Amino acid sequence: MNKLRIGFGYDVHRLVEGRPLILGGVEIPHPYGLLGHSDADVITHALCDAILGAAALGDLGRHFPDSDPRFAGISSIKLLEEVVQKITSSGWKLGNADITLVAQGPKIAPFVGKMEKNIAEACKVSAKQINVKATTTEGLGFTGTREGMAAYAVVTIIDSSIASVRS
Ligand code: MG
């Protein structure tokens, strides 16, 4: 078995009026929010898919289908906690996560610290193991026109029999 594996996740949600904007488990003041069956936290969804991918455990939709009313409006941070439990049961722990939000606005810099803390707590790791950053697409494409937001995530997972992870 490999001691270290890498996972990648990507997610997109549409921006609409009348929904709260939840990113990394933080509600951000904004006239638009992301549309989805859960709270549509695109950052946390990309991260969940990266973690599941690293452990070869499929994807978020397989574990939490959007046809299932149990997951309607659910906090994606709760889904992340369950995803981490699944990889823990498979003998893995999170090494680090690097997540990029693609959005024309709003500025997320004031909220990044809290997002990293929320994610780290859900993953039972230090906030130093989590990085959240953002970019615009210079007005181009669906993110540039504010029709939606996208997020990319890359993670490492480590064989949990290895004693310690430098954080
Ligand atoms: Mg999603």
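Whatever order the structure lists ligands and atoms in, that order sets their numbers, starting from 1. Bear in mind that the values here come from a model prediction, so they are computed numbers and not experimental data.
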Over 60° means perpendicular and under 30° means parallel, so classify the ring planes of Y10 and Y152, tilted if in between. tilted
Can you tell me, to 10 degrees, how wide the angle at the Mg ion (ligand 1) is between ND1 on H45 and OD2 on D11? 90°
Residue pairs involving residues 14-37 (criterion side-chain hydrogen bond (donor to acceptor under 3.5 Å, both in side chains); sequence neighbours excluded): none
Any N/O/S atom from D41 (main chain or side chain) under 2.8 Å of the Mg ion (ligand 1)? no
Which N, O or S atom of H13 lies nearest to the Mg ion (ligand 1), by name: NE2
Quick one: list whatever passes salt bridge (Lys or Arg N to Asp or Glu O under 4.0 Å) with D66, sequence neighbours left out. none
For the NZ atom on K133, are there more than 12 heavy atoms of other groups (residues, nucleotides or ligands in this structure) within a distance under 6.0 Å? yes
